[in-house]
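In what follows, a single structure is set out as structure tokens and then discussed.
Worth knowing before you read on, the calculation uses all heavy atoms, side chains too, and leaves out hydrogens, waters and symmetry mates. Letters go in sequence order (proteins before strands), and every chain restarts at 1. These figures come from a predicted structure and were not determined experimentally.
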There are 2 protein chains.
Amino acid sequence: MLRHSILEILPPELRKEAAESIQVMRFPPGKILFSAGEHCKGLPLMLSGAVKVQMTGISGNSIVLYRMGADDICTLSIGCLMTGYGYRAEAFVEEESVAALVPRGLFDRLMDQSAAFRLGIMESYGRRLDDLMLLVEEVAFRRMDERLEEWLAARCSPIHITHQALAVELGTAREVVSRLLKELERKGRVQLSRGRIDVTGL
Amino acid sequence: MLRHSILEILPPELRKEAAESIQVMRFPPGKILFSAGEHCKGLPLMLSGAVKVQMTGISGNSIVLYRMGADDICTLSIGCLMTGYGYRAEAFVEEESVAALVPRGLFDRLMDQSAAFRLGIMESYGRRLDDLMLLVEEVAFRRMDERLEEWLAARCSPIHITHQALAVELGTAREVVSRLLKELERKGRVQLSRGRIDVTGL
DNA sequence: ACACCAGTGTGACTTTATCACTGAACTGGC
DNA sequence: GCCAGTTCAGTGATAAAGTCACACTGGTGT
């Protein structure tokens, strides 16, 4: 417990409080950490695993905004905690994850007393901002076929995903993904089957 | 000097240090606060005015990411200061602005010793994150004609802007804006002239 | 009065999004 | 095994948006 991450380098008094008030939770893949509209119950500090954060527009379409991994603090939750508004996005556990749920009071004390904790927070914010800026640029200006090929090239070959899920990754429509993939298959670059893409050469 | 904002509620010792090490600067409209690739020289804390932050993609197209106003701290600069990387975007002064340039050392001390300052930082980050998430959704899923009409409706009538600049606001191409505006003019909703749009009814 | 140039208009074409529907592949029950 | 229900994938038709190329126009300065 509390073996990892930012929390292990706290000064002794804080470590004690942390050990007492922090809830460490384990989330299985598929679990929804929070959904849109919901209110924040505590600040998740990721100790391990992978969580994707995605958002659904008024149109009903969704897009993956970014992913959180070990040592990330959920910046979205900080915002919700501060403002009291509900979440604007939803978080979906992709790989078995362990997260420490930091209550508000402790969070404030940590911010007050640990420079290392503050640094961790700032880094998480920085990463998120960067991710989102890059995403805006991608979505606004880059071509779909390029983005799709990059996405495919970035993972290892038997990729298990549906066209619908891939469309959410890229922020487009399922049909668009289907057509582009079919085109790639015609060119002999991938091989398609239900729920699976084999990359044969990019 | 230091009459405003977060800085006026600091404890006395910090106020003194702040007054000594902070440079208050005045920027005229049109001035570029920083551009892409540049390195961060100090943390701008906006005291008044308006600055727009925009980014240019590899394609050469640009998009306005968000705007900063009074009491905003430039979150992008925090990231640059921490990581040492250059800016990914550029900041353009729209209205005469006054900003306090906080050096790194003072920033760390402020974070350490002022809860109010920390809160201000977190709020700025929260706003930015929110702005960007909303923008991603807009760009990815919403129709251009709707977005254009909303943009027009949100300001008061003789709007002085070129189609090119409007395209950057919305993250699209100049031609698209020209055509949509022409269409609106045909419908009698706006009246177009060089560098100017009169909204006659939306 | 003329040259120059930023700003605008538009045709032709490509890419992407949307709608509507078909069929194919898995699932669970019987 | 066979069938019904469901999820996933393919595709035509059409509309919206982006790209490229080029013409025109209104203002500026000389």
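- R194(B) contributes a side-chain N or O that forms a donor-acceptor pair with the base of dA6(C) under 3.5 Å.
- dA17(D) atom C1' lies 15 Å from atom CZ of R142(B), rounded to whole Å.
- For the side chain to side chain contact (heavy atoms under 4.5 Å, CB included) with S124(A), the lone residue among L45(A), D72(A), D71(A), L129(A) that qualifies is D72(A).
- Judged by distance alone, the side chain of T83(B) and the main-chain N or O of G79(B) form a donor-acceptor pair under 3.5 Å.
- Nucleic acid contact class of R179(B) (heavy atoms, under 4.0 Å, all strands): base.
- At whole-Å resolution of the value, CD in E183(B) and C1' in dT8(C) are 16 Å apart.
- The aromatic rings of F107(B) and F117(B) sit perpendicular to each other, their planes meeting at more than 60°, with 30° as the lower class boundary.
- Distance NE2 (H160(A)) to C1' (dA9(D)): 17 Å, rounded to an integer number of Å.
- In this entry the distance linking CE of M144(B) with P of dT19(D) reads 12 Å, nearest Å.
- One finds the CG atom of L166(B) at 5.0 Å from the CG atom of L170(B) (value rounded to the nearest 0.5 Å).
- Rounded to an integer number of Å, the gap from CZ of R143(A) to C1' of dT14(C) is 8 Å.
- One N or O donor and one acceptor, one from the side chain of R174(B) and one from the base of dG9(C), sit under 3.5 Å apart.
- Residue L192(A) has its side chain nearest to dG10(D) when only dT11(D), dT10(C), dG10(D) are considered.
- At dG26(D), none of the side-chain N or O atoms of S193(B) fall inside 4.0 Å of OP1 or OP2 (strictly under the cut-off).
- Rounding to whole angstrom units, NZ of residue K182(B) and C1' of dC24(D) are separated by 12 Å.
- Remark: C1' of dA16(D) and CG of N61(A) are 14 Å apart, rounded to the nearest angstrom.
- Between G195(A) and F141(A), the residue anchored closer to the 5' end of DNA chain D is G195(A), taking for each the nucleotide with the nearest heavy atom.
- Contact check, S178(A) against dA9(D): no side-chain N or O comes under 4.0 Å of OP1 or OP2.
- Of the possible donor and acceptor atoms, none in the side chain of R104(B) sits under 3.5 Å from a partner among the backbone N and O of K41(B).
- For H39(A) (side chain) and G84(A) (main-chain N/O), a donor-acceptor pair under 3.5 Å exists by modelled atom type.
- Place L180(B) and E175(B) on DNA chain D by their nearest nucleotides, and L180(B) ends up nearer the 5' end.
- For the pair H163(B) NE2 and dG26(D) P, the computed distance is 13 Å after rounding to whole Å.
- Helix-axis bend for the helix from dA1(C)-dT30(D) to dC30(C)-dG1(D): the local axis fitted to the five terminal pairs at one end deviates from that at the other end by 30°, rounded to 10°.
- Residue Q23(A) qualifies as open at atom CD: its count of foreign heavy atoms under 6.0 Å is 12 or below.
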